[in-house]
**Student:** 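Sending over a structure as structure tokens; questions will come in a sec.
Just so we're on the same page: letters track the sequence lines, and every chain starts at 1.
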Amino acid sequence: MEEKTTPAPETPGKDFIREIVEDDLRSGRHQAVATRFPPEPNGYLHIGHAKSICLNFGVAKEYGGTCNLRFDDTNPLKEDVEYVDAIEADVRWLGFEWHGMYYASDYFGRLYDFAEELIRRGKAFVCDLTADEVRATRGTLTESGRNSPYRDRPTEESLDLFRRMRAGEFADGSRTLRARIDMASPNINLRDPALYRIRKATHHRTGDAWCIYPMYDYAHALSDWIEGITHSLCTLEFEDHRPLYDWCLIALDLPNRPRQIEFARLNVTYTLLSKRKLLQLVTGGLVKGWDDPRMPTIAGLRRRGFTPEAIRDFADRIGVAKRDSLVDVALLEHCLREDLNRRAPRGMAVLDPLKVVLTNWPEGTVDELEAVNNPESPSAGTRRVTFSRELYIEKDDFREVPPPKYHRLSPGQEVRLRWGFIIRCEEVVKDPSTGEIVEIRCSYDPTSRSGGEGAARKVKGTIHWVSAAHAVPAEVRLYDRLFTKELPDDAPEGKDWLCNLNPDSLEVKAGFVEPTLSNAAAGAFFQFERLGYFSVDTDSRPGRPVFNRSVGLRDSWAKIEKKGRGA
RNA sequence: UGGGGAGUCGACAAGUGGUAAGUCAGCGGUCUUUGGAACCGCCUAUCGGAGGUUCGAAUCCUCCCUCCCCAGCCA
């Protein structure tokens, strides 16, 4: 190796993992980086996995290396092909391409051979203790454990027993292959951990070919080595497994060992990222599936209307470090808004319709108004929207008694209809029996047509609308955070996280959208002016569109109003 | 009480001995046919605490405090 004579170039802002990778490349320790994303196919990927995916694939891409997708499928009891298919689709959707797609189960044969070698080297033994007995002899955090009575049985005997374990001669749980390390180690993971257990279960890929399955620590280290992984990135809870990871490779004298590096897993406010709990939400029917738009899963975020770009940007912004952190969900939402503001075509939709009749508009006539598709992007062009005598506006855009600073419609006041005319409220029609406002009668200013000379007038507010006769009924699903607490696990004594579920996380509106939105394809996204970003749900049908609110627009009026009420 | 980690603005997060970036949130304002977007300000962090080394420390040393992870034949 050459001596470095030039100082390392300054690379401020890089996270500690990229610094390590750069050092290794610079020093010649590695010619190229190889990483892997190793999900267990026992659930759907979520935003926390997205962080890891962006890291692993991102590092590989940035330094001209490779990243594999590897399914860590060593526990047939929990895993399923449904999950491998979903994971594959999610990684691809996020925008990453793997160098190779592998399964830990691809290596079962080699892993088995390595295990025999470990026995031959005196580094592993077959133990006849039951799980309970192992637990009883493991010791505690402060007391060392006791050696298994089988720890020193002859190599040949362990070898024979291990072969018979594989052959299916023994019952589940009756024996394990254990590493021979140190029952007195202060690191509990090193107290002769199990390497193989008997599980007479059908594996989703290998079927019934095996009845013994390797444990994570063993399988993971060797799978990494087999694939030539240089940097094995994982989360903090595996930090004290690293000595065992290294032990597996050293015990077999394997050269060019991969290096495990741990980083902090992602936590997001108002969000749960535990596979077990997410599974519980799904199986318990508390949400409508893994892809429920309220779920933090990649599938859920996708259906909600998140873009891969927004998620990748989020991953970039939260960074990578070792300290436990709780990221504000507002940052995720911000990333989506920023992306969609640039790219989403605008449209008008009314979610809580209130009828407006323009009394001086000639009955039976319509007008075609020109509307800009995206003020942020002139190339998006314009479209025509139909205007007529009867319109729907948002209930919230009219107040009989306007609060201070209210810029919208109220008796005697003017408001501009976006891309249309300026109107004045002349009369409020109520249902005589209920007192409910059923219709607003207004006059319009014919000279104020958008683009016309009378349109230059300053009017306090602009509101969106839809032509009653032309608008298309649409189902609009408004989502709110799934949990009412920043930390959903923070439950009072005797209760659990389920008590923090937000009962109002979904509100369905029967609204109207402008005709151009009628046949939008599932997945298409729009900004409904003044309301937020919406995407077309997979439940949508031509002429009967269904929209999901992906994220609302920032709403400074809501803040003013809230403040007014508070004062 | 064992071992492994971590503590920098409300939240993320740079900084690696030379005198505390940036982003989100929040606040105020400009502008505006989305109370959107954009733009401009503010957000006055002495860096968990106490000592010490040094001309000089968030960065080095010592002690202390707090938080997280580990006792699955789960990953």
Side-chain angles (χ1 to χ4, degrees), chain A residues 12-15 19 38-40 42 72 74-75 77-78 127 129-131 134-135 138-145 172-178 185-191 193-199 212-213 215-217 219-220 234-243 262 264 269 275-276 316-335 337-338 341-342 346 348 372 375-376 405-408 416-420 422 448 450-451 455-464 486 527-532 552-561:
Chain A
K14 287 272 192 306
D15 60 70
E19 273 177 12
E40 183 189 11
N42 68 342
D72 223 327
T74 56
N75 185 356
L77 262 27
K78 292 187 176 175
C127 181
L129 257 28
T130 64
V134 169
R135 191 174 307 121
R138 183 156 27 226
T140 67
L141 294 179
T142 53
E143 300 165 293
S144 57
D172 281 15
S174 61
R175 272 177 244 261
T176 53
L177 178 72
R178 288 227 258 164
S185 173
N187 181 342
I188 290 180
N189 298 300
L190 263 24
R191 316 238 264 228
L195 264 23
Y196 267 89
R197 78 288 217 184
I198 302 170
R199 265 220 207 323
I212 58 171
Y213 293 91
M215 298 290 291
Y216 165 83
D217 293 288
H220 200 85
C234 65
T235 44
L236 251 29
E237 66 269 28
F238 294 103
E239 210 147 16
D240 48 20
H241 288 240
R242 195 190 337 152
E262 311 83 12
T269 55
K275 273 194 189 176
R276 199 198 103 235
D316 283 346
R317 292 195 195 216
I318 57 177
V320 179
K322 294 196 71 155
R323 103 178 62 155
D324 296 311
S325 63
L326 177 64
V327 176
D328 195 336
V329 71
L331 179 59
L332 217 207
E333 296 173 343
H334 172 265
C335 292
R337 284 195 195 97
E338 192 169 82
N341 177 50
R342 270 192 350 257
R346 314 285 123 128
M348 292 197 285
V372 171
E376 304 295 321
K405 295 182 182 166
Y406 188 77
H407 294 170
R408 283 109 98 145
R416 187 192 302 275
L417 295 176
R418 174 128 250 226
W419 312 121
I422 295 170
S448 67
S450 191
R457 238 166 69 217
K458 289 287 177 201
V459 177
K460 273 279 184 59
T462 299
I463 65 175
H464 60 274
E486 270 202 4
Q527 183 200 99
F528 290 173
E529 297 220 37
R530 303 208 310 135
L531 296 176
L553 247 26
R554 295 190 68 207
D555 188 348
S556 51
W557 164 244
K559 283 180 190 172
I560 294 170
E561 198 180 25

**Student:** In whole angstroms, how far is the P atom of B:C69 from the CD1 atom of A:Ile188?
**Tutor:** 14 Å

**Student:** Answer with yes or no whether A:Ser450 presents, from its side chain, a donor or acceptor under 3.5 Å of a partner atom in the base of B:U33.
**Tutor:** yes

**Student:** For B:U33, does either OP1 or OP2 sit under 4.0 Å from a side-chain N or O belonging to A:Arg418?
**Tutor:**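 For A:Arg418, the contact criterion (side-chain N or O under 4.0 Å from OP1 or OP2 of B:U33) is not met.
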
**Student:** Find the partner of B:A45: check Watson-Crick (N1-N3 plus N6-O4 or O6-N4) and G-U wobble (N1-O2, O6-N3) distances, both under 3.5 Å, and reply none if neither fits.
**Tutor:** none

**Student:** Does B:G15 fall in syn (glycosidic angle within 90° of 0) or anti?
**Tutor:** anti

**Student:** Under a 4.0 Å threshold between the charged nitrogen and the carboxylate oxygen, would A:Arg418 count as salt-bridged to A:Glu529?
**Tutor:**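 Yes, A:Glu529 and A:Arg418 are salt-bridged.
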
**Student:** Which nucleotide, if any, forms a Watson-Crick or G-U wobble pair with B:U34, using both distances under 3.5 Å?
**Tutor:**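 Because no pair has both required distances under 3.5 Å, B:U34 counts as unpaired.
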
**Student:** When you check the phosphate oxygens OP1 and OP2 of B:G26, does a side-chain N or O of A:Arg554 lie under 4.0 Å from one of them?
**Tutor:** yes

**Student:** Test your reading of the model: is there a side-chain donor-acceptor pair from A:Arg416 to the backbone of A:Lys458, 3.5 Å cut-off?
**Tutor:** no

**Student:** Mind calculating the distance between CD (A:Glu143) and P (B:G3) to the nearest angstrom?
**Tutor:** 14 Å

**Student:** For A:Lys559 and B:G26, is the shortest distance between a side-chain N/O and OP1 or OP2 below 4.0 Å?
**Tutor:** yes

**Student:** Does B:A11 have OP1 or OP2 sitting under 4.0 Å from an N or O in the side chain of A:Thr269?
**Tutor:** no

**Student:** Could you tell me how far apart A:Leu195 (CG) and B:G72 (C1') are, to the nearest whole angstrom?
**Tutor:** 15 Å

**Student:** Determine whether a donor-acceptor pair (one donor, one acceptor, N or O, separation below 3.5 Å) exists between the side chain of A:Asn187 and the base of B:G4.
**Tutor:** no

**Student:** Ignoring backbone atoms, establish whether A:Arg138 has a side-chain N or O less than 4.0 Å from OP1 or OP2 of B:C73.
**Tutor:** yes

**Student:** Only pairs with both distances under 3.5 Å count, Watson-Crick or wobble alike; so what is the partner of B:C39 in this structure?
**Tutor:** B:G29

**Student:** Take atom CZ of A:Phe238 and atom P of B:G72, then tell me their distance rounded to the nearest Å.
**Tutor:** 15 Å

**Student:** Is the phosphate of B:A13, meaning OP1 or OP2, less than 4.0 Å from a side-chain N or O of A:Arg317?
**Tutor:**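 No, A:Arg317 has no side-chain N/O under 4.0 Å of OP1/OP2 on B:A13.
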
**Student:** Using whole Å, what does the distance between atom P of nucleotide B:U16 and atom CD of A:Glu19 come to?
**Tutor:**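 Result: 10 Å.
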
**Student:** Is a donor on one side and an acceptor on the other found under 3.5 Å between the side chain of A:Asn187 and the backbone of A:Asp240?
**Tutor:** yes

**Student:** Say whether, by atom type as modelled, one donor and one acceptor occur between the side chain of A:Arg191 and the main chain of A:Ser185 under 3.5 angstrom.
**Tutor:** yes

**Student:** Taking NZ from A:Lys78 and C1' from B:G72, how many angstroms apart are they, rounded to a whole number?
**Tutor:** 8 Å

**Student:** Let's test your reading of the model: under 3.5 Å, does the base of B:G36 pair with the side chain of A:Glu376 as donor and acceptor?
**Tutor:**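 Yes, a donor-acceptor pair under 3.5 Å.
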
**Student:** Return the value, rounded to whole Å, for the distance between atom CG of A:Asn75 and atom C1' of B:C73.
**Tutor:** 10 Å

**Student:** Can you name the nearest heavy-atom pair linking A:Leu553 to A:Phe528, along with the distance?
**Tutor:**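 Nearest pair, atom of A:Leu553 first, then A:Phe528: CD2-O, 4.5 Å.
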
**Student:** Any side-chain N or O of A:Arg323 less than 4.0 Å from the OP1 or OP2 oxygen of B:U8?
**Tutor:** yes

**Student:** Is there a side-chain polar atom (N or O) of A:Lys460 under 4.0 Å from OP1 or OP2 of B:U33?
**Tutor:** no

**Student:** What is the pairing partner of B:A6, taking Watson-Crick or G-U wobble pairs with both distances under 3.5 Å in any strand?
**Tutor:**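 In the structure as shown, B:A6 has B:U66 as its Watson-Crick or wobble partner.
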
**Student:** Expressed as a whole number of angstroms, how long is the span from A:Trp419:CH2 to B:G36:C1'?
**Tutor:** 12 Å

